[in-house]
**Student:** 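Before I ask anything, here is the structure I am working with.
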Amino acid sequence: EIARDWKFRPLWRSGEFLEDALREYPKTCAAIEASGVRLHPWQDIACGFARLPAKSSISRHCDGGLVSWTAHLALKSTFEATLTVEDETRCWKEGEWLVFDSSRPHEAANDSDEDRYVLLLHPLRDEAHDDQVDAVDHALEATHPPLGVPHAVVLTPDGVAHSSWREYSPERVVLAR
């Protein structure tokens, strides 16, 4: 399992803010909307709060990321909570953003005694046009399961778990189930 202890509270789904999120976090939703950021319309975790508990980690993996970036605004963290993308490691700093390409191998660790919280966003890349996003959505509709539904994970020879179809090639598969 890639992220057994990681928890996510979605604020957005299917291209709009959830009604309960608008009630519980009106200022956060309003600020995101006012920013003009184009959130990924079909990414179930395009916007929300993510918690990485103390003394836990997220295994090295790759996400879809074809038309979006991953952005974390650190809400509560310590220097002992780190994000590694490929071979570069950084710590979350409260009030600061970490933005990265989640189609690249990445992992996270929280070695501190406190939970780490971030506002997680998947903003569309500047060069991603709406028709391209719709085309990718249409192509993946039958093959990309919704959040929480078990799906194939591919472990490649270099030890990277891929939970998406990107970079899949039968020559690289060691284990798929």
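Just so it is clear, the structure is predicted and the values come from calculations on it, not from any experiment.
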**Student:** For residues S112 and T78, report the shortest heavy-atom separation together with the two atoms involved.
**Tutor:** CB-OG1, 3.3 Å
**Student:** So how far is it from F100 CZ to W69 CH2, rounded to the nearest 0.5 Å?
**Tutor:** 11.0 Å
**Student:** Without swapping roles, check the side chain of N110 against the backbone of L52 for a donor-acceptor pair under 3.5 Å.
**Tutor:** yes
**Student:** For R4, enumerate each residue passing the side chain to side chain contact (heavy atoms under 4.5 Å, CB included) test, keeping only those at least two apart in sequence or located in another chain.
**Tutor:** E1
**Student:** Are K7 and Y117 packed together at the side-chain level, in the sense that at least one heavy-atom pair is separated by less than 4.5 angstrom?
**Tutor:** no
**Student:** Is there side-chain contact between T28 and F49, with heavy atoms separated by less than 4.5 Å?
**Tutor:** yes
**Student:** Do you know which two heavy atoms are closest between W97 and L119, and how far apart they sit?
**Tutor:** CZ3-O, 4.3 Å
**Student:** Could E88 and R104 be called an ion pair, given the rule that one side-chain N must be under 4.0 Å from one carboxylate O?
**Tutor:** no
**Student:** Check A46 against L39 and note the closest heavy-atom contact, atom names and distance.
**Tutor:** O-CD2, 3.6 Å
**Student:** Looking at residues at least two apart in the chain, or sitting in another chain, which of them share a side-chain hydrogen bond (donor to acceptor under 3.5 Å, both in side chains) with T70?
**Tutor:** S102, H122
**Student:** Could you tell me which residues satisfy salt bridge (Lys or Arg N to Asp or Glu O under 4.0 Å) with D113, sequence neighbours excluded, listed by chain and number?
**Tutor:** K55
**Student:** Sequence neighbours left out, what passes side chain to side chain contact (heavy atoms under 4.5 Å, CB included) with E96? Give chain and number order.
**Tutor:** K93
**Student:** I'd like to know if the side chain of H106 reaches the main chain of H61, judged simply by a donor and an acceptor atom lying under 3.5 Å from each other, with no hydrogens or angles considered.
**Tutor:** yes
**Student:** Sequence neighbours excluded, which residues qualify as side-chain hydrogen bond (donor to acceptor under 3.5 Å, both in side chains) partners of S35?
**Tutor:** none
**Student:** Over all heavy atoms of both residues, which pair between C62 and S103 is shortest? Give the atoms and the distance, please.
**Tutor:** SG-O, 3.5 Å
**Student:** Excluding sequence neighbours, so at least two apart, what forms side chain to side chain contact (heavy atoms under 4.5 Å, CB included) with L22?
**Tutor:** F17, C29
**Student:** If you look at every heavy atom in V118 and A74, which pair is closest and at what distance?
**Tutor:** CG1-CA, 4.0 Å
**Student:** Can you find a heavy atom in the side chain of V85 that is under 4.5 Å from one in the side chain of D101?
**Tutor:** no
**Student:** Tell me whether L75 is reachable from L11 by hopping between hydrophobic residues (I, L, V, M, F, W, Y) whose side-chain heavy atoms are closer than 4.5 Å.
**Tutor:** yes
**Student:** When clusters are formed by joining ILVMFWY residues with side-chain heavy atoms under 4.5 Å apart, either directly or through shared neighbours, do F8 and I2 land in the same one?
**Tutor:** yes
**Student:** Can you find a heavy atom in the side chain of S14 that is under 4.5 Å from one in the side chain of E16?
**Tutor:** no
